[in-house]
Amino acid sequence: MWRGLIEAYRERLPVTAATPVITLHEGNTPLVPAPALSARTGCDVYLKVEGANPTGSFKDRGMTVAVSKAVESGSKAIICASTGNTSASAAAYAARAGLTCAVLVPQGKIALGKLAQALVHGARLLQVSGNFDDCLNLASKLAQDYPVALVNSVNPDRLHGQKTAAFEIVEALGDAPDIHCLPVGNAGNISAYWMGYREDLAAGNATRTPKMYGFQASGAAPIVSGQVVAEPSTIATAIRIGNPASWTKALDARDSSGGLIDAVTDRAILAAYRLLARQVGVFVELGSAASVAGLLQAAEAGKVPPGSTVVCTVTGHGLKDPEWAISTAPAPTTIEVDVLAAARTLDLA
Ligand code: F0G
């Protein structure tokens with residue numbers, strides 16, 4: 001039986017027998033072949049479906065470790081800044097551990113499902129009239145001056161938890177892929193995967209490391225432009241970040257792996273979101289679709305050799321943002337209780 005990633009990878013994580021394990025049995029997510037993407041690219045493309053985690057995003061991997069360590073060190077409260085998923089995950093793990101949880105989110109800029117999650121799990125939610133970067137500054141200062149543990153990805157325990165996704169991929173494929181594509185926001189996850197792949201190589205579990213391909217939204221692409229973006233803007237609110245905390249680590253992942261970090265337009269993100277839902281059968285949130293938009297863009301630019309094994313992480317579940325899904329799909333038809341009317345509407349008669 002799967003008992004969560006701390007039990008699965010205990011000896012490769014910063015935990016000891018004394019660490020109380022706070023888990024919702026996160027991890028062990030599916031690696032799903034994506035034939036429609038393989039056909040488009042001439043590669044063998046897989047999706048690491050992180051929406052299958054307990055709160056619907058990859059954040060649970062980091063949160064199980066960060067919250068377990070916080071409890072071990074005697075913390076009674078945790079705090080985070082978030083574009084939505086971190087707050088949902090922190091709220092759930094805090095509830096599980098019996099901790100108080102405070103979350104700071106940019107007002108009006110987080111998806112409805114994520115807001116619902118933070119609230120239902122009982123977090124103290126502060127909507128800040130600023131962007132994510134402002135929220136992270138505030139949260140960091142509060143954690144410095146008050147007795148509350150910061151569980152953003154600047155907390156190294158988070159990255160250790162998140163690196164386990166790379167372990168799972170290597171186990172599933174028998175080796176590392178040639179290329180790994182990820183959306184990039186605060187740049188913690190790309191850094192965590194790179195750590196995981198390097199550790200697998202060092203441990204002899206893999207014979208190589210993949211090229212790390214990271215993708216930012218073009219209105220929020222500080223790593224691509226090399227400049228802080230004061231007012232980041234994109235429909236992909238999860239990655240609407242102008243000054244990533246793990247910027248240097250992401251540059252190292254890019255450069256040491258021979259990879260790239262590029263920008264994808266909102267239009268391309270939306271096209272990938274639709275393609276994933278309609279042709280692959282996987283419903284992800286907009287931010288997650290940036291990895292796939294990036295893969296298609298890189299393939300068109302000749303940066304993805306045909307025949308490569310490629311993994312795209314799709315980081316969060318589509319249900320996080322029901323408003324967006326409904327507003328971009330055709331409206332449903334209303335009919336009377338009438339078989340013929342139903343058949344005609346469905347083009348069956
Ligand atoms: N995809 C989703 C769905 C996310 O929620 C995030 C980050 C990312 C990708 C980017 O990952 O920051 O490690 O580069 N969400 C954070 C949050 C910022 O607050 O939930 P990253």
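Just so you know, ligand 1 is whichever comes first in the structure, and atom 1 is the first atom listed for that ligand. The structure presented is a predicted model; accordingly, all values stated were derived computationally and were not measured.
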Distance from atom 1 (N) of ligand 1 to nearest protein heavy atom, with residue and atom: T315 OG1, 2.6 Å
Ligand 1 to I190 polar contact by distance, N or O atoms, under 3.5 Å: no
Q216 and P244, any side-chain heavy atoms less than 4.5 Å apart: yes
Structural part of I241 in contact with ligand 1, heavy atom criterion under 4.0 angstrom: side chain
side-chain hydrogen bond (donor to acceptor under 3.5 Å, both in side chains) contacts in which one or both residues fall within residues 286-305, not counting sequence neighbours: S288-T315
Atom 5 (O) of ligand 1 - nearest protein heavy atom and its distance: N85 ND2, 2.8 Å
Which segment of I239 sits under 4.0 Å of ligand 1 when only heavy atoms are counted: side chain
Verdict with reasoning, K48 to T29, per side chain to side chain donor-acceptor pair (under 3.5 Å): CA-CA 7 Å; K48 182 66 170 162; T29 56; 3.0 Å; yes
Nearest protein heavy atom with distance in Å, relative to atom 20 (O) of ligand 1: T86 N, 2.8 Å
Distance-only donor-acceptor check, side chains D44 and T309, under 3.5 Å: no
M212, R254, K163 screened by side-chain contact (heavy atoms from CB on, under 4.5 Å) with W194, the one that passes: M212
Nearest-neighbour protein heavy atom for atom 18 (C) of ligand 1, which is reported as residue plus atom name and distance: T83 OG1, 3.5 Å
Residue and atom name of the nearest protein heavy atom (relative to atom 12 (O) of ligand 1), distance in Å to one decimal: N186 N, 2.7 Å
Shortest heavy-atom approach to atom 14 (O) of ligand 1 - which of S57, A187, G56: A187
Name of the residue among P54, S68, C101 meeting side-chain contact (heavy atoms from CB on, under 4.5 Å) with Y93: P54
For F58, the ligand 1 atoms whose distance to one of its heavy atoms is below 4.0 Å: 1 (N), 2 (C), 4 (C), 6 (C), 8 (C), 9 (C), 11 (O)
Numbering as shown, the atoms of ligand 1 that approach V184 to under 4.0 Å (heavy-atom distance): 14 (O)
For atom 13 (O) of ligand 1, the option (of N189, I110, V314) bearing the nearest heavy atom: N189
Shortest protein contact, atom 15 (N) of ligand 1 (heavy atom only): K59 NZ, 2.9 Å
Proximity of A238 to ligand 1 by residue part, where a heavy atom lies under 4.0 Å: both
For the student: nearest non-hydrogen atoms of P14 and K69, plus distance: O-NZ, 2.9 Å
Pair H317, K320: side-chain N/O donor-acceptor within cut-off below 3.5 Å: no
Region of K320 engaging ligand 1 - heavy atom pairs below 4.0 Å: neither
Numbered atoms of ligand 1 (with element) below 4.0 Å of S82, judged on heavy atoms: 17 (C), 19 (O), 20 (O)
pair I78-C80: side-chain heavy atoms closer than 4.5 Å: no
No-hydrogen, no-angle side-chain donor-acceptor test under 3.5 Å, S129 and Q107: no
Of Y197, Y213, F215, the residue whose pairing with H180 passes ring pair (Phe, Tyr, Trp, His ring centres under 6.0 Å): Y197
Contacting atoms of ligand 1, where contact means under 4.0 angstrom from a heavy atom of G188: 13 (O), 14 (O), 21 (P)
